[in-house]
Each structure stands twice: as C-alpha cells, then as structure tokens.
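Keep in mind that this is a model prediction, so the values were computed, not measured.
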Amino acid sequence: MFVIFIIIMLKTVIILTLFFGVSFSQVVRFAPLPASYSEELTKAYLPLIKLLEKKTGLTFEFKHYKTYDELFDKFMKGELDVITACTLSYYNLKKKYKHAKAIASFKRDPQGAAYSCVMFSAIDGPNKVENIRKPLALPQKGSTCGYFSASIILSERGKSIEKQGYKLFLTHDDAVKAVLMGKHEAGVVSKKTFEKYKGFGLKPLAESPKWPSLPVVVNTKTLSPELIKKIEDALLSITQEEQKELIEGKFGFAKVTEEDFKVVEKYKRHIPK
C-alpha cells in the first residue's frame with residue numbers, strides 16, 4: 001500500500017507541474033557574465049540578490065563560471081534559471097536556444113540602458129588606433145567588447161583584426177592589466193572597466209557603437225511564467241531608495257525587447273567564428 005501511495009503522489013506532482021506550472025522548488029539558480037573575478041562579481045551582485053529575495057520571496061543560489069562557453073552551456077542544459085549576458089552573447093544565445101528570454105536590462109546611468117566599448121592604450125602608448133602595431137589585449141571572444149567591437153573599430157580605420165592580431169583574456173580586468181604591465185600596446189574593454197582603471201594611466205583611442213545594456217536573461221524551460229513575471233516585476237520596480245543599496249543595478253533596470261538586440265545584424269560580419 002505504501003508503494004502505491006508513493007506512486008500516486010509522484011504522478012500527482014508530475015501532473016501538477018506539467019499542467020498547472022506548479023513549482024515545488026523556490027530556489028532560483030543565478031550566474032552573472034564572467035566579465036570580472038569571482039570575488040568581485042559576488043560582492044557586486046550579492047546586494048541585488050538579497051533585494052530580489054526580499055521582493056519576490058524566492059531563494060537565489062549564486063553561481064560563477066569562468067568562461068562564457070561554460071555559462072551558456074549550463075544555461076542551455078537547464079542547470080541555470082537566470083543569467084546576465086551582453087549584447088553579442090545574448091544575440092548568439094537566442095540563435096541556439098529558444099528558451100532564453102531577456103526580461104530587463106541594467107541601466108548604465110540614470111538616463112539610459114546603453115553602453116559602449118573603449119579601445120585604449122597606456123598613457124605613454126600609441127595616440128591613435130592607426131599607430132597600434134602589436135596584437136590587442138581583449139576579453140573573451142564571446143564578449144561584445146572583445147573581438148566583435150575591436151573588429152568594428154579597426155575596420156572603420158581601414159585595418160583588419162586578423163592582421164592586427166590579438167590575445168584573449170578571461171576578464172576585462174585581465175585585458176587592462178596586460179596593457180598596464182606593458183605586455184600589449186592597446187586593448188578593448190567595456191567603458192565601465194576602462195573608467196575603473198583610467199586613473200592608473202590609461203587613455204582612450206576610440207569608442208565602439210552604443211550597445212543595448214546587459215540584459216537579465218531567464219530560462220523559460222526551467223522557470224514558470226508566474227516566477228518569471230515575479231522576477232521581472234521585482235527588477236523593474238526597484239526604487240531610487242533601494243538602488244542606494246546596490247552595486248550592480250545601482251541605476252535601476254529598464255524594459256527590454258528582442259528588437260533591441262537586432263542592432264548586431266548591422267555588424268554581423270564582425271561576429272567571431
């Protein structure tokens with residue numbers, strides 16, 4: 001009788017989950033884009049996670065992966081529920097995985113949700129893009145501010161990224177440090193990262209087009225519509241007072257649409273293979 005009871009209960013759980021979207025696990029597995037070191041990302045995202053838990057009543061489990069490939073592989077395998085992405089990586093993810101959905105984007109300043117990438121050198125390095133003679137220091141290939149933006153900036157000046165050459169680093173911070181240490185003449189990173197290190201002796205050489213800011217992406221295969229709506233509403237309802245508690249998300253979040261990311265189409269010849 002006990003075995004029959006267990007079987008009936010399991011069938012009930014399956015039916016409820018399939019037909020009514022009932023979730024028996026309130027743990028949301030979250031991982032950010034690995035644009036920086038694990039310790040820095042944890043510190044930056046922890047206040048946001050705590051605020052989301054307070055506003056949604058859900059429990060968030062923070063995870064970190066070193067590479068873009070590993071992050072998106074885990075997401076597509078259903079091992080992650082919420083991630084952050086960048087313009088290029090989200091564009092590429094949508095082509096592979098129909099269950100990825102952007103629900104909001106980080107505002108990069110109080111007015112908007114756009115960002116750009118900066119090609120830079122050390123203060124005593126080349127003064128123009130045209131004067132760079134050695135390979136560039138770039139973050140991971142899947143980064144909007146990696147090969148993609150570097151190729152666009154160079155091509156606008158009649159140069160080829162393949163002829164220029166480049167070396168890839170795990171994080172934006174690592175790419176900056178390679179230039180500061182004299183290992184590379186120049187590099188490309190997000191404007192946010194460039195500003196963080198500018199005081200150490202960096203100068204900007206060129207800027208990429210404006211890109212839609214980092215989206216918060218949910219996995220519609222692992223989260224019910226109700227939970228997705230709860231997370232989206234929580235992000236978009238963060239008040240100015242609550243923003244003061246945050247590091248990532250300190251300017252709030254903006255609504256986002258799939259159309260926003262089609263700007264990549266204009267530059268698709270620069271997408272790395």
- Can the ring centroids of Tyr45 and His64 be said to lie less than 6.0 angstrom from one another? no
What distance separates [X] [atom1] from [Y] [atom2], expressed to the nearest 0.5 Å?
X: Leu180; Y: Ser121; atom1: CG; atom2: OG; result: 10.5 Å
X: Asp174; Y: Leu138; atom1: CG; atom2: CG; result: 12.5 Å
X: Ser105; Y: Phe261; atom1: OG; atom2: CZ; result: 6.5 Å
X: Lys55; Y: Glu242; atom1: NZ; atom2: CD; result: 4.0 Å
X: Leu46; Y: Leu41; atom1: CG; atom2: CG; result: 12.0 Å
X: Asn219; Y: Tyr97; atom1: CG; atom2: OH; result: 3.5 Å

- Message: A side-chain contact here means heavy atoms from C-beta on lying under 4.5 Å apart; do Ser151 and Tyr267 qualify?
- Response: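 Sidechains of Tyr267 and Ser151: no contact.
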- Query: Any side-chain heavy atom of Arg108 within less than 4.5 Å of one from Leu214?
  - Reply: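 Arg108 reaches Leu214 side chain to side chain.
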- Item | salt_bridge(Glu226, Lys229) N-O dist < 4.0 Å |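 No, Glu226 and Lys229 are not salt-bridged.
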- Message: Could you see if Leu227 belongs to whatever hydrophobic cluster contains Leu48? Use Ile, Leu, Val, Met, Phe, Trp, Tyr and a side-chain cutoff under 4.5 Å.
- Response: yes
- If you link I, L, V, M, F, W and Y whenever their side-chain heavy atoms are under 4.5 Å apart, who else ends up in the same group as Ile247? none
- Can you spot which of Lys66, His172, Gln140 makes a side chain to side chain contact (heavy atoms under 4.5 Å, CB included) with Pro34? Gln140
What class does the angle between the rings of [X] and [Y] fall in, given that below 30° is parallel, 30 to 60° is tilted and above 60° is perpendicular?
X: Phe194; Y: Phe120; value: tilted
X: Trp211; Y: Phe148; value: tilted
X: Tyr166; Y: Tyr147; value: perpendicular
X: Phe30; Y: Phe60; value: perpendicular

- For Glu241, what residues pass the side chain to side chain contact (heavy atoms under 4.5 Å, CB included) criterion, not counting sequence neighbours?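 Checked Glu241 against side chain to side chain contact (heavy atoms under 4.5 Å, CB included); matches are Thr239, Lys244.
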- Task: Using the test ring-ring contact (aromatic ring centres under 6.0 Å, His included), find all partners of Phe251 that sit at least two apart in sequence or belong to another chain.
- Result: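 In terms of ring-ring contact (aromatic ring centres under 6.0 Å, His included), with neighbours along the sequence ignored, Phe251 is linked to no residue.
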- Query: Side chain of Lys183, backbone of Lys177: donor and acceptor closer than 3.5 Å?
  - Reply: no
- Hey, does the side chain of Arg269 reach the backbone of Lys266 with a donor-acceptor pair shorter than 3.5 angstrom?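 Answer holds: no.
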